[in-house]
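Input: a single structure, listed below in structure tokens.
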Amino acid sequence: MITQNAVDVKNLTKRYNGFCLKNISFQIPWGCVVGFVGENGAGKSTTIKAMLGLLPVEEGEIYVAGHNVREEAGGDDWREYTGVVFDECNFPAELRIKNISKCMKYIFRTWDEQRFSGYLNRFELPLNKKVKELSKGMKMKLSIAAALSHDSRILILDEATGGLDPVVRNEILDIFREFVEDEQHAVFISSHITSDIEKIADYIMLIHKGKLLLYENKDELIYNYGIVRCTGQQAARIPEELIKGKWENAFETSVLVKDRALFENDGLEALMESPRDARPVLDKVTIEDILVYMVKNEVQL
Amino acid sequence: MKGLLLKDLYTMKGYAKQYVIVFVLMAGWAVFMKNMSFLVMYAIILGGMLVLSTLSLDEAVHFDRWSIATPAGARGMVREKYLLLLLAVAAGTAAGFLLNLVLVTLFGGMGSFEWEGLIITAVLFVIAYAVMLPVNFKLGVEKARYVYIGTVLGAAVILTGVLKMFEYSGRPLEKMTENPPVLMGVSACICVLALAVSYAISLKMVKCREW
């Protein structure tokens, strides 16, 4: 299973009435965490379902761990290497935790009972409890424990941290970090909680109305982008090619700009027509800022 | 597939007490009515109902979607439900016969035991499940439940019509039941054919559906 990328998606297209996932292409390199952000209905879950072969698609190629997901040849063995966690715990409510491992060892050829019980201990999940007796956080931990207890090399997480408190979320993010320390592992995580993505992701992928707006290295993104807070007149002096999003109200204009270095030091003064003008301010950006500004302006890099 | 089957068996174990209580109540009713074939018929129906319950529980937490994303895949998920149906109906039939034997031993002669009726009931319910399962995989368990009820009622009406036709044509059903192996063979063929066609359709439905 030596492939250049953990996941390779080429020209993925899926059409619905009133929505279309348009020609999506991206790669998930090994040893990386890719954060997938976008507003509700942007196409995140559709993309993930397509990657997992959970919906028929019209066009495109999807390779997960080198396997062409759209081809039946080769069977379902590639799923052995794919750990999946959705936005809810998928184990039936009546099932006891102690029985989950007994079932999983017949579902996954590579199921590791010891690793699973290690995670149960770490997460303090009581063996005798039924799934329905667990809190939401515990249920998600159980799902993650199951996803990590076979030979999963690619973790695909669809809103897996949604609805959890910050303490549990941090604990779970730590586990994903540990997982990806192995260079033969990769994580693809979609979430509305952009602060989580910011903490863990190496790359950020932004989708809006079925179109991929951005796929960039997170550090470069945060380093290169900035928000200039200024007046409308000052904003008009910013070169168009640097503007990636704009937000105006009666008091202030905020402009998401690329190449923030250009605005540092004297760059901001160049926006001022006279020394009496209020001095513009250059702020750092967060992933949430980039999401909000770009989605609002539908700018494509 | 074995793992999925185990999961269903563990899940059903959680409801075992309720099913046993219902079964015992029905056994009491059968003794009261002096109709032991009713008990076996009920056991067959109950076996089928267990499958419906597991489908419902799977859907509630989207276990079906998750299981397709595992090495079990779509094929394993569909196969398991058909196997579970066969096992549940077989177990229900066995339990019914066993309890019938116990009750007859305890209380003596309990009236007639219509094995022909039992076979027809079993065929009817297998057909109803054969229709219901693809609908479940396409539209979900709630709609499938209505289809199931509709199929049972529809099949019962058709069956009554066929029996009446036999009567009017001067070839009553007894003629058919004079030869048990033929009736059993025909019934088995109908069940196998219905389940095979149903399985193929279910698999297609699962592969075409968005999970």
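We name chains A, B, ... by the order of the sequence lines, and we start the count at 1 in each one. Keep in mind that what you see is a predicted model, and the values were worked out from it rather than measured.
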* To do: Assess whether ring pair (Phe, Tyr, Trp, His ring centres under 6.0 Å) is satisfied between A/Phe26 and A/Phe188, documenting all intermediate values.
  => CA-CA 12 Å; A/Phe26 63 91; A/Phe188 186 64; 5.7 Å; yes
* If you round to the nearest 0.5 Å, how far is CE of B/Met132 from CD1 of B/Ile149? -> 10.5 Å
* Asked: Which class fits the ring pair B/Tyr148 and B/Tyr129: parallel under 30°, tilted 30 to 60°, perpendicular over 60°?
  -> tilted
* Residue among B/Arg65, B/His62, B/Met12, B/Met1 with most heavy-atom pairs under 4.5 Å to chain A -> B/Arg65
* Asked: In terms of ring plane angle, is the pair B/Tyr199 and B/Tyr82 parallel, tilted or perpendicular, where the classes change at 30° and 60°?
  -> perpendicular
* pair A/Glu88-A/Asn90: side-chain heavy atoms closer than 4.5 Å -> yes
* To do: Answer with side chain, backbone, both or neither: which region of B/Lys207 has an atom nearer than 4.5 Å to a non-hydrogen atom of chain A?
  => both
* Asked: Under 3.5 Å, is there a donor-acceptor pair between the A/Asp112 and A/Ser149 side chains?
  -> no
* Go through B/Tyr10, B/Trp211, B/Phe63 and name the one with the most non-hydrogen pairs under 4.5 angstrom from chain A. => B/Tyr10
* Can you tell which of B/Val206, B/Leu9, B/Thr70, B/Ile68 has the highest number of heavy-atom pairs within less than 4.5 Å of chain A? -> B/Thr70
* In terms of heavy-atom pairs under 4.5 Å with chain A, which of B/Cys208, B/Gly73, B/Ala69, B/Ala74 leads? -> B/Ala69
* Top contributor to chain B contacts, counting heavy-atom pairs under 4.5 Å, from A/Thr46, A/Asn99, A/Leu52 -> A/Asn99
* Structure fact -> Most heavy-atom pairs under 4.5 Å with chain B, out of A/Val85, A/Ile100, A/Ile107, A/Val131, belong to A/Ile107
* Structure fact -> Bottom line for A/Lys102: the part with an atom under 4.5 Å from chain B's heavy atoms is both
* Could you go step by step and tell me if B/Trp66 and A/Phe86 meet the ring pair (Phe, Tyr, Trp, His ring centres under 6.0 Å) rule? -> CA-CA 8 Å; B/Trp66 182 85; A/Phe86 293 106; 8.7 Å; no
* Asked: Measuring heavy-atom distances to chain A, does B/Arg209 have an atom under 4.5 Å in its side chain, in its backbone, in both, or in neither?
  -> backbone
